[in-house]
**Q** 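Quick one: this structure, given as structure tokens, is what I'll be asking you about.
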Amino acid sequence: MAKNLVIVESPAKAKTIEKFLGSDFKVASSFGHISDLPSKDLGVNVDGDFKPKYEISKDKKTVVKNLKNLADKSDLVWLASDEDREGEAIAWHLFRLLKLDENKARRIVFNEITESAIKNAIENPRPIDYNLVDAQQARRVLDRIVGYELSPVLWKKIKSGLSAGRVQSVSVRLIVEKEREIKNFNTESLYRIDAEFKTNNNDSFKAKLDKTFKTKEEAESFLNNNKNSDFSVENLEKNPLKKTPSPPFTTSTLQQEASRKLYFSVSKTMTVAQRLYESGLITYMRTDSVNLSNFAKDSAKKHIISAFGNQYSNTKSYHTKSKGVQDAHEAIRPTNFSSFGDKILDNDQKRLYQLIWKRTIASQMSDAMLEKTNVKIKSSNYENLFIATGQIVKFDGFLKVYSEGKDNVSDEDSGILPNIQINENLVHNFINATQRFSREPFRYTEASLVKKLEDLGIGRPSTYAPTISTIQNRGYVEKGTIDGEKRNYIQLSLVNEIISENLLEEKVGSDKGKLVPTDTGIIVTDFLINHFENIMDYNFTANVEQNFDHIAEGKQEWTSMMKEFYKNFHPRVEDVHKNAERESGKRILGVHPENKREISVKLGKFGPMIQVGTVEDEEKPIFASLPPEFQIKSVTLEQALDLFSLPRELGEYNNEIVLANNGKYGPYIKYGKKFVSIPKGISPLSIQLNDALDLIKMKEQSEAPIYNYEGIDVQKGKGKFGPFIKWNNMFINVSKKYDWENLSENDIIQLIEERKKKEKEKVVHNWSNENIRVEKGKWGKFYLIKGKIRKEISKSIDVNALTLDDAKQMLENKKE
DNA sequence: CAGTGAGCGAGCTTCCGCTTGACTT
């Protein structure tokens, strides 16, 4: 057994490091945090000393047990978690839970995974930094108090199951406010003038006028003014322009570029990067640092010089400026620059790797040298000037491999100008006056939201992707589906001294794939801003981070910060609990045309709903849920009344009545006892019998058995987790190596047999009459299964000797 | 799984950051 145990956070890192250290060292991983506050209750003594109650995280029990075993057999334990707040806390929890002492434990840190860095770290251990640990405790406890005290307020005042937190609530606020900006935006139009001129050599180029016009009349009169006008070059200026490469990738910039260039979602970028990291092709992918190790800079330099030549190399260091950066890792870069990734089999992995390769290499290359030309063209008839700009590349430098994408591309790039002389006379091919509408602000995409959060110092590299999922899962935010509308605009053209008018068309107002707030998101945000302005302030995180820094520097005691915060926060929570009005976003739509009762729309316990009448009325109110295609803020009285026509009887099929209705899980068709979901885009209010029958037949077809194996039908389908076949109540995933569209008889038999074999190995007991099984799980665990009940069997019980009666007894206890 | 919404009250929900698999349909 090795004398030394090194513990790092990530297993892939452990594997790499073990190669650098000799046989005296065993390297293991903690898989991140091992200890946390309990999930069931607050877990903080808020009435006294703010002491947190820690327990070993549920999924880390075996990890801790294994580490304890290894530690007990070692002479020295090296705690090598990351060099930041969270990493220091992990080291401390390991120290506590592995029951180490000062003689046996050493804390070491390194922020690059190279042999010299690690050996250097081993030679320079330091004590655990308890100030840094306290800063982490403060961060953890603050987040817990905010999240676990605010969420129950929402359950009571708005809807059960909702959540609030320091990061997610502010993220939703950003999206809600952006939507309001767009809604309140006043679109104005003006006329822009652009022209194409011709030189003496018959070369054409484009130019813009330095003035715009408010009305069509003004634009037209300007064009008239150009008839019989002479044009000449008044001024020609050439200026050098330098472009510098962007720094290497952090998590946030990688997510943005992968979104712009590869159209990856934030979470897809992270899973693909994780694969590359596990294969040892890139460094760690959750980082806020732009720093490159000396090793990386050296090998990038060598690669650049040999591939492009000396003049392309410009080795430099980058430093991170944004708030709250902890610099525990390197920037995201290839581990080996000599591989351009052509051999990576998976296409997505290859594309992401090559993006990282280019960005990193470019960051170590020379600036690009450009020359910008500015030409001013005057008219004999008026004062205003036409301006043409051109750009030529004198030396491409880093542009040879990489240029960064832009989020909101508006102006076309200025190209190359022909040879033009000063005072040269020009003629125009055409002059256009084009109506342009001012553009409303851009909605956030996943990646641009991450950028905004990072700018505000909110959230961490490991949480950007999960935060975006959370706010969508809670129903606060969704991806837009509106395609946009057509809009006409006018273009006046002066050609050969004649003015003509054209009506052109453009599309505006699309929110496809962008983040838009739901009714719930808007109501919750307004409620929180009303009652908890402080927490919803964009600077809240920045302010508390300052306190955390003071704690880390030993200038402030962490529980005193908590007391100070809680003293103001908690009474506010109590007050809102007691006194605040229920927030439902209620809007009165009008009165019922027949019975004159009030019709309103609001957010109810189970989501948005329409209500006829009020509680005060003699007659009870009638309700209908508002389907997702409508919104509280925009639904009309007519649409609301329509909803009460459900359920609609469409006709008959196989002697059964066919109904269309809205259910808990969306619109559906019902016939007999069967249900068929109505797909998005079709309304249960307007669907006709024919379409409904088509849907029914489609469903029957997809459920039709494709094969019969051992007397049991085989069906196939596509689920949440990809294509599968179903046999004997087992879902069998069909991997990519099979052609799911055209499964052969052999494929099906093979899939079922493989699965049967796996099942057999797993099952210890099977009392099929009672539908009770005992199965083997991972880590030597055993499970008792009946229907949907799944219970872990304690290790003290001999599973093989278990009888049916024992099993029944255990299931009974479970129910209590 | 495919109607509930007042009010009553049971019993449930919830945070942010650090890490991977196991597991779902």
Side-chain angles (χ1 to χ4, degrees), chain A residues 8-14 29-37 39-43 57 59-60 63 81-82 84-87 89-90 93 136 139-156 159-169 274 278 284 286 326 328 458-464 466-467 470 474 541 584 602-611 613-617 620-625 646-647 659 661-670 673-677 717-724 726 730-733 777-779 781 790:
Chain A
V8 295
E9 293 183 36
S10 139
K13 199 165 162 181
S29 141
S30 78
F31 295 84
H33 271 296
I34 51 167
S35 185
D36 194 14
L37 302 170
S39 65
K40 288 268 176 271
D41 59 316
L42 191 63
S57 311
D59 51 336
K60 298 296 164 55
V63 173
S81 44
D82 296 347
D84 59 14
R85 212 156 60 194
E86 301 297 326
I90 291 174
H93 286 300
Q136 193 274 343
R139 199 281 303 156
R140 180 69 190 92
V141 168
L142 180 95
D143 281 339
R144 170 51 68 94
I145 289 174
V146 170
Y148 272 41
E149 295 216 350
L150 284 189
S151 299
V153 176
L154 299 183
W155 302 342
K156 187 171 169 202
K159 203 176 98 170
S160 125
L162 295 177
S163 68
R166 176 176 59 83
V167 172
Q168 57 169 287
S169 297
Q274 175 86 31
E278 284 165 4
Y284 197 56
R286 287 186 276 265
Q326 312 212 357
I458 299 171
R460 305 278 316 131
S462 67
T463 60
Y464 295 137
T467 300
T470 302
R474 295 272 174 276
T541 290
S584 66
K602 67 177 185 180
L603 183 63
K605 236 181 172 176
F606 306 104
M609 64 195 250
I610 306 281
Q611 182 173 337
T614 62
V615 191
E616 289 82 34
D617 293 354
K620 267 182 133 185
I622 314 168
F623 306 97
S625 67
L646 293 175
L659 288 174
N661 200 2
N662 262 319
K664 203 169 160 186
Y665 308 98
Y668 65 94
I669 301 283
K670 186 181 176 192
K673 280 185 181 155
K674 291 212 168 188
F675 295 89
V676 183
S677 291
K718 268 185 187 173
K720 255 197 224 171
F721 313 103
F724 64 86
K726 192 179 171 189
M730 287 192 294
F731 288 93
I732 306 167
N733 286 337
K778 273 242 160 181
W779 315 112
K781 282 181 190 164
R790 192 180 176 87

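In what follows, every chain begins at residue 1, and chains take the letters A, B, ... in the order their sequences are listed. What you see below is based on every heavy atom in this structure, not just the backbone, and it leaves out hydrogens, waters and symmetry mates.
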**Q** Taking atom C1' of B:dC16 as reference, at what distance in whole Å does atom CG of A:Leu150 sit?
**A**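 Rounded to the whole Å, the gap is 14 Å.
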**Q** Taking only N/O atoms, report every protein-nucleotides 7-13 of chain B pair under 3.5 Å with atom names and distance.
**A**
{"from": "B:dT13", "atom 1": "O2", "to": "A:Gly161", "atom 2": "N", "distance (Å)": "2.6"}

**Q** When the distance from CZ of A:Phe623 to C1' of B:dA6 is rounded to whole Å, what number comes out?
**A**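 Atom CZ in A:Phe623 sits about 7 Å away from atom C1' in B:dA6.
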**Q** Under 4.0 angstrom, heavy atoms only, what part of the nucleic acid is A:Gln136 near: base, sugar-phosphate, or nothing?
**A**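 Nothing, no heavy atom under 4.0 Å.
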**Q** Taking atom P of B:dT4 as reference, at what distance in whole Å does atom CE of A:Met609 sit?
**A**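 From A:Met609 CE to B:dT4 P: 13 Å.
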**Q** In what stems does DNA chain B take part, counting only runs of at least 3 consecutive Watson-Crick or G-U pairs whose two distances fall under 3.5 Å?
**A**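 DNA chain B forms no stems at all.
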**Q** Does B:dC15 have A:Tyr148 stacked on its base, where the ring centres are within less than 5.5 Å and the planes differ by under 30°?
**A**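 A:Tyr148 vs B:dC15: stacking no.
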**Q** What are the atom names and distances for every N/O pair under 3.5 Å that joins the protein to nucleotides 17-19 of chain B?
**A**
{"from": "B:dG17", "atom 1": "OP1", "to": "A:Arg166", "atom 2": "NH2", "distance (Å)": "2.7"}
{"from": "B:dG17", "atom 1": "OP2", "to": "A:Thr463", "atom 2": "OG1", "distance (Å)": "3.0"}
{"from": "B:dG17", "atom 1": "O4'", "to": "A:Arg139", "atom 2": "NH2", "distance (Å)": "3.2"}
{"from": "B:dC18", "atom 1": "OP2", "to": "A:Ser462", "atom 2": "OG", "distance (Å)": "2.8"}
{"from": "B:dC18", "atom 1": "O5'", "to": "A:Ser462", "atom 2": "OG", "distance (Å)": "3.4"}
{"from": "B:dC18", "atom 1": "O3'", "to": "A:Glu9", "atom 2": "OE1", "distance (Å)": "3.3"}
{"from": "B:dC18", "atom 1": "O2", "to": "A:His33", "atom 2": "N", "distance (Å)": "2.4"}
{"from": "B:dT19", "atom 1": "OP1", "to": "A:Tyr284", "atom 2": "OH", "distance (Å)": "2.4"}
{"from": "B:dT19", "atom 1": "OP2", "to": "A:Tyr284", "atom 2": "OH", "distance (Å)": "2.7"}
{"from": "B:dT19", "atom 1": "OP2", "to": "A:Arg286", "atom 2": "NE", "distance (Å)": "2.9"}
{"from": "B:dT19", "atom 1": "O5'", "to": "A:Tyr284", "atom 2": "OH", "distance (Å)": "3.4"}
{"from": "B:dT19", "atom 1": "O4'", "to": "A:Gly32", "atom 2": "N", "distance (Å)": "3.4"}

**Q** List for me each residue that meets side-chain contact (heavy atoms from CB on, under 4.5 Å) alongside A:Ser160, sequence neighbours excluded, and say none if there are none.
**A**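 With sequence neighbours excluded, A:Ser160 shows a side-chain contact (heavy atoms from CB on, under 4.5 Å) to no residue whatsoever.
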**Q** Could you tell me which residues satisfy side-chain hydrogen bond (donor to acceptor under 3.5 Å, both in side chains) with A:Gln136, sequence neighbours excluded, listed by chain and number?
**A**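 side-chain hydrogen bond (donor to acceptor under 3.5 Å, both in side chains) list for A:Gln136, sorted by chain: A:Glu86.
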**Q** Just checking A:Pro152: base, sugar-phosphate only, or nothing, at a heavy-atom cut-off of under 4.0 Å?
**A**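 Base: the residue A:Pro152, judged by heavy atoms under 4.0 Å, touches a nucleobase.
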**Q** For A:Val63, give me all partners under side-chain contact (heavy atoms from CB on, under 4.5 Å), at least two apart in sequence or on another chain.
**A**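 With sequence neighbours excluded, A:Val63 shows a side-chain contact (heavy atoms from CB on, under 4.5 Å) to A:Phe31, A:Lys60, A:Leu67, given in chain and number order.
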**Q** What residues, two or more places apart in sequence or in another chain, satisfy side-chain hydrogen bond (donor to acceptor under 3.5 Å, both in side chains) together with A:Ser81?
**A**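 Scan of A:Ser81 (side-chain hydrogen bond (donor to acceptor under 3.5 Å, both in side chains), adjacent residues dropped) gives A:Arg107.
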**Q** To the nearest angstrom, how far is A:Lys670 atom NZ from B:dC1 atom C1'?
**A**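 Going from A:Lys670 (NZ) to B:dC1 (C1'), I get 12 Å.
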**Q** List for me each residue that meets side-chain hydrogen bond (donor to acceptor under 3.5 Å, both in side chains) alongside A:Ser625, sequence neighbours excluded, and say none if there are none.
**A**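 Listed in chain order: nothing, the list is empty.
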**Q** So, are A:Asp82 and A:Lys13 salt-bridged, with charged N and O less than 4.0 Å apart?
**A**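 Yes, this pair counts.
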**Q** Who are the side-chain hydrogen bond (donor to acceptor under 3.5 Å, both in side chains) partners of A:Tyr464, not counting sequence neighbours?
**A**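 Once residues adjacent in sequence are excluded, A:Tyr464 has no partner under the side-chain hydrogen bond (donor to acceptor under 3.5 Å, both in side chains) criterion.
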**Q** Can you give me the closest heavy-atom contact between A:Ser30 and A:Ile90, atom names plus distance?
**A**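 Closest approach of A:Ser30 to A:Ile90: OG-CG2, 3.9 Å.
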**Q** In whole angstrom, what separates A:Asn661's CG from B:dA2's C1'?
**A**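 Rounded to the whole Å, the gap is 8 Å.
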**Q** By nearest nucleotide on DNA chain B, pick out whichever of A:Ala12 and A:Leu37 is the more 5' one.
**A**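 By nearest-heavy-atom nucleotide position, the 5'-most residue is A:Leu37.
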**Q** Taking atom types as they are modelled, is there a donor-acceptor pair under 3.5 Å from the base of B:dG5 to the side chain of A:Ser625?
**A**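 Check fails, no donor-acceptor contact within cut-off.
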**Q** Restricting to side-chain contact (heavy atoms from CB on, under 4.5 Å), what partner residues turn up for A:Asn661, sequence neighbours left out?
**A**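 Expected list: A:Leu646, A:Pro647, A:Tyr668.
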**Q** Mind checking what makes side-chain contact (heavy atoms from CB on, under 4.5 Å) contact with A:Thr541, not counting sequence neighbours?
**A**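 Partners of A:Thr541 under the side-chain contact (heavy atoms from CB on, under 4.5 Å) test: A:Arg166, A:Ile458, A:Glu545.
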**Q** Taking CD from A:Glu149 and C1' from B:dT14, how many angstroms apart are they, rounded to a whole number?
**A**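 Atom-to-atom, A:Glu149 to B:dT14, this comes out as 12 Å.
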**Q** What pairs with A:Lys670 under salt bridge (charged side-chain N to carboxylate O under 4.0 Å, His left out), at least two apart in sequence or on another chain?
**A**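 Testing A:Lys670 for salt bridge (charged side-chain N to carboxylate O under 4.0 Å, His left out), a comparison that skips the adjacent residues, returns none.
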